[in-house]
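Structure first, commentary second.
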Amino acid sequence: MNTQQFIPHSLQRKLEIFSCTWKTPSNIALVKYWGKTAPQIPKNASISFTLSKSHTITTINFTPKDTSATEEIDFELFFEGKKKEDFKPKIAKFFDRIQEYCPYLFSYNMMISSENSFPHSSGIASSASGMSAIAMCLMSLERSLSNTEISDEFVNKKASFLARLGSGSASRSIEGPLVVWGNHLAIEGSSDLFGVPFPYKVHEVFNNYQDAILLVDKGEKQVSSTVGHDLMHNHPFATQRFQQANENLATITDILQQGDIDLFINLVESEALSLHAMMLTSSPYFILMKPNTLEIINAIWRFRKDTGSKLCFTLDAGANVHVLYPEHESENVLQFIDNELSMFCQKNHYICDSVGLGAVKL
Ligand code: PMV
């Protein structure tokens, strides 16, 4: 695998104060990534919708250090205006992993300030949008330091490569509306190292697809995704799962082009339940769904049967339910959510999101 392409060669020497701000989205996987090998290489390919409203905004102020102090990567972290010491180890580990590809990190003091559009502890994973925002800021700095022209395409590719080293799914939070991460024969240009935009024409039924995120449980996850990925080593069904996911990626590649929404529903719901089945059958086993997660799934199935609606659900590594549906069904689906699903959410809280186009410089 060619990681050499991400080591910068022609950077200028004179360093100046630099600052930039990026807004980057969260994403929701349709075919899930669960299981990896070091360094953040996925065991199967995955594909996600990039979201639009659920995002992180991050500003980094880079101040050049005096040259005597370049042994360490120095940064301060503020989250929603407050210093956040407990987030620091994860970011420090991320910087450690990417130092070879971003040697200029040693030359600056960084002040990182972040905020999320979604409420704190909403159970929405912030690592994808958080890591991708930092990666885009670093690429803005790299561009400003480079003596040669860097294309937008390379910026996105390297940002995805860097973000992946912070959190696997973050590699899919740079571009949109659909991103594939992981080497797969059906996807031209796909790679284990970075996400690529879905390279084929998508049927119009999937334009501006909607995602209502039902916040069933806003608490801390009982089992982190790092632990969950690790439990796929020696998992009795791991090999079959990785094969199933890769087959599903080939199938969804056709579905997205042909616009067969019934097949889409079937595949997406099966993927969500397969992900959770891996959790139920690992050792130690665990359950991230809550009783209300199941109430919502059953109500969705009932509504679909009764009305012919094309809504479906998917799940992340948590209890919240993502309700996916075509834009033209918005009115009916939102009424259904208000009347029959919001009662299963904490404080009746849900977020109406839709598919988006990726990172934006502010
Ligand atoms: O990026 P991580 O390591 O937090 O893993 C995310 C895994 C899932 O969200 C459960 C699935 C996915 O593909 O996004």
Give a yes or no on whether the ring-centroid distance for [X] and [Y] is below 6.0 angstrom.
X    : Y    : value
H55  : F118 : no
F95  : F75  : yes
F198 : Y200 : yes
F264 : F206 : yes
W181 : F194 : no

Looking only at the side chains, is there a donor atom on one of [X] and [Y] sitting less than 3.5 Å from an acceptor on the other?
X    : Y    : value
R172 : S46  : yes
S117 : S54  : no
T63  : N109 : no
E271 : N248 : yes
E269 : N266 : no
Y325 : D211 : no
N116 : T56  : yes
Y104 : E142 : yes

Between D230 and K36, is there a salt bridge with N-O shorter than 4.0 Å?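 Salt bridge between K36 and D230, a charged N being under 4.0 Å from a carboxylate O: no.
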Using 4.0 Å as the upper bound for N to carboxylate O, is an ion pair formed by E76 and K88?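 No, no charged N to carboxylate O under 4.0 Å.
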Going through the distances and angles, do S191 and N183 end up as a side chain to side chain donor-acceptor pair (under 3.5 Å)? CA-CA 4 Å; S191 170; N183 191 20; over 6 Å; no
Partner of D152 under salt bridge (Lys or Arg N to Asp or Glu O under 4.0 Å), picked from K157, R143, K361, is R143
If you draw a 6.0 Å radius around [atom1] in [X], do more than 12 non-hydrogen atoms from other residues or ligands fall strictly inside?
X    : atom1 : answer
E149 : CD    : no
L185 : CG    : no
K93  : NZ    : no
N234 : CG    : no
L263 : CG    : yes
I17  : CD1   : no

Name the one of Q244, K32, Q240 that satisfies side-chain hydrogen bond (donor to acceptor under 3.5 Å, both in side chains) with S274?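 Running side-chain hydrogen bond (donor to acceptor under 3.5 Å, both in side chains) over Q244, K32, Q240 with S274 returns exactly one hit, Q244.
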Roughly how far, to the nearest 0.5 Å, is CZ of R241 from CG of N246?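 The CG atom of N246 sits 9.0 Å away from the CZ atom of R241.
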Heavy-atom donor-acceptor pair, S48 side chain to T50 backbone, under 3.5 Å: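 Between the backbone of T50 and the side chain of S48 there is no qualifying donor-acceptor contact (under 3.5 Å).
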With a 3.5 Å distance limit and no angle check, can you tell me whether K23 reaches the backbone of I57 through a side-chain donor-acceptor pair? no
